[in-house]
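First comes the structure, then the notes that go with it.
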Amino acid sequence: MTDTSADLVVLGGGSGGYAAAFRAAELGLSVILVEKDKLGGTCLHRGCIPTKALLHAAEVADVAREGEQFGVKTILEGVDIAGVNKYKDSIIARLYKGLQGLAKAHKVRLVEGTGTFVAPNTVEVDGQRYTGKNVLLATGSYSKTLPGLELGGRVIASEDALALDYIPEKVIVLGGGVIGVEFASVWASFGVDVTIVEALPRLVPNEDEFASKQLERAFRRRKISFKTGVRFTGAKQDANGVSVSLETGETLDGDLLLVAVGRGPNTAGHGYEEAGVAMERGFVLTDDRLRTNLPNVYAVGDIVPGPQLAHRGFAQGIFVAEEIAGSSPRAIDESGIPRVTYSHPEVASVGLTEIAAKEKYGQEVTTFTYDLGGNGKSQILKTSGAIKLIKAPDGPVVGLHLVGDRVGELIGEAQLIYNWEAFPEDVAPLIHAHPTQTEALGEAHLALAGKPLHVHG
């Protein structure tokens, strides 16, 4: 590797970009990594990590508020948002320092600045060109808004919500997907009056309908208001607050409007189209080997159509590094990527929804739902929820959907069941420690294998 050439030039240092860089270096390739901001990207600095830190602080607030139900006399005196932010920022700083150390240990050359893809093997940064035998595009995503709805002032995106130095009294959340639901959950735990507005018929609409119903039931108990199947028509703000109008004619007032309508591919201004990269609606098109239409040019993460998940980008980055190194890795099954919404309660899933399974296998798919009321550890935690399994006709389990506090920690076993194409009879004999929530997965598979135990009805 010279100062300006390498086996691999990576444009973007988020989850996908740095994973590719580190893995390629491990495989003996020289790597140049270009990042305009900080290594770790949105996930570490303005997304996954800080959001989950807030969610944990929210859980602590709930435990303090509700300690008496466990026989512990606790009082929630209030939430010190400065202290919460200090806790959040300390986690980010520690992880960021670790990433910087890993980059140095892997001998990955970091180039700071905004990169432009100017030719099939060249990225330009501040007038300097860097060439690679291979180039990886990994520039991530940005917070979208709706036409006519400008971000600013009291109309904020998730990045702004993470940086708030006060706790608002009343918030309207536009969008009932993962981001909107998670922030609504945090704010409700902090004592904020929250209303979610979702144009589609249900919350977390990309999940199985079972999960949406379970989450909506829990949110009603928590007094989190939501309006589904209704469209936003406009917003006005002044020094005192923001007013949101809906197509029903209803008006909602609040201190802030959080716009959580999804994330768009961060591809504009990076030279992709000008260099001839095939694109659609701003996304970079690839095949199942993550190759673009240009030779030796790959793309990963949120700029590639599919679920916008940090761990998807991470896995894709490893895949591309191994592909370039000649390891011929197995193509990634997008349905096998686990999904978690870290609200209270959590929603976790892997594989197909019931609707998708019926479209693929026909109406003969089998489903089974196991209520967490029969799980000892869930009762200890005082969480409600359930696990739903979906089985192909005469085939394996093709979908697992979980709702309940901490069920995100069960998704590891769930994704193994899906990705190894396990039958209920394969999982049923496995011994799950007692008392744990993992027993719920075991019980559900026992029932689907025809030998239910802790199942009523």
Side-chain angles (χ1 to χ4, degrees), residues 1-45 99-100 102-104 106-142 264-280 282-287 289-305 310 313-314 316-325:
M1 177 173 72
T2 68
D3 285 345
T4 58
S5 65
D7 295 317
L8 174 62
V9 173
V10 181
L11 180 52
S15 301
Y18 83 70
F22 292 178
R23 182 62 181 138
E26 287 175 351
L27 294 170
L29 303 180
S30 55
V31 182
I32 294 173
L33 176 59
V34 178
E35 171 54 48
K36 68 177 181 179
D37 190 9
K38 292 181 178 180
L39 193 62
T42 296
C43 177
L44 174 56
H45 299 282
L99 269 185
Q100 291 175 303
L102 286 170
K104 186 176 181 180
H106 283 98
K107 295 182 171 57
V108 170
R109 183 181 178 197
L110 292 177
V111 176
E112 294 183 3
T114 300
T116 304
F117 184 55
V118 294
N121 66 341
T122 305
V123 172
E124 185 175 294
V125 184
D126 298 329
Q128 176 66 60
R129 294 196 167 196
Y130 299 89
T131 60
K133 294 178 183 177
N134 302 276
V135 173
L136 175 62
L137 311 177
T139 43
S141 60
Y142 65 92
N266 183 20
T267 53
H270 289 292
Y272 296 168
E273 283 189 282
E274 294 82 353
V277 176
M279 302 181 71
E280 185 175 286
F283 288 95
V284 175
L285 301 179
T286 70
D287 62 12
R289 310 300 293 178
L290 299 171
R291 297 174 294 205
T292 70
N293 60 307
L294 300 181
N296 302 316
V297 178
Y298 300 79
V300 300
D302 288 358
I303 64 172
V304 177
F314 186 83
Q316 288 177 331
I318 294 172
F319 175 93
V320 167
E322 294 180 350
E323 179 81 351
I324 290 169

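Along the sequence shown, residues are numbered consecutively beginning with 1.
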Spacing of [atom1] belonging to [X] relative to [atom2] belonging to [Y], to within rounding of 0.5 Å:
| X | Y | atom1 | atom2 | result |
| --- | --- | --- | --- | --- |
| Asn266 | Ile303 | CG | CD1 | 8.5 Å |
| Thr286 | Gln316 | OG1 | CD | 7.0 Å |
| Arg23 | Phe319 | CZ | CZ | 13.0 Å |
| Lys38 | Leu99 | NZ | CG | 12.0 Å |
| Thr267 | Asp302 | OG1 | CG | 11.5 Å |
| Tyr18 | Leu39 | OH | CG | 8.0 Å |

Review point. Would you call Asp37 and His45 a side-chain contact if the rule is heavy atoms closer than 4.5 Å?
Key: no

Practice item. Answer whether the closest heavy-atom distance between the side chains of Asn293 and Val277 falls below 4.5 Å. Key: yes

Review point. Is it the case that more than 12 heavy atoms not belonging to Glu26 sit under 6.0 Å from its CD atom?
Key: yes

**Study point:** Crowding at CD, Glu112 (>12 non-hydrogen neighbours, <6.0 Å)
**Key:** no

Review point. What do the steps show when you test Thr4 against Gln128 for side-chain contact (heavy atoms from CB on, under 4.5 Å), and what is the final call?
Key: CA-CA 8 Å; Thr4 58; Gln128 176 66 60; 3.2 Å; yes

Point to revise | Chi angles and distances behind the side-chain contact (heavy atoms from CB on, under 4.5 Å) call for Glu323, Leu290 | key: CA-CA 9 Å; Glu323 179 81 351; Leu290 299 171; over 6 Å; no

Exercise for review: Please determine, by modelled atom types, if Tyr272 and Thr292 share a side-chain donor-acceptor pair under 3.5 angstrom.
Suggested key: no

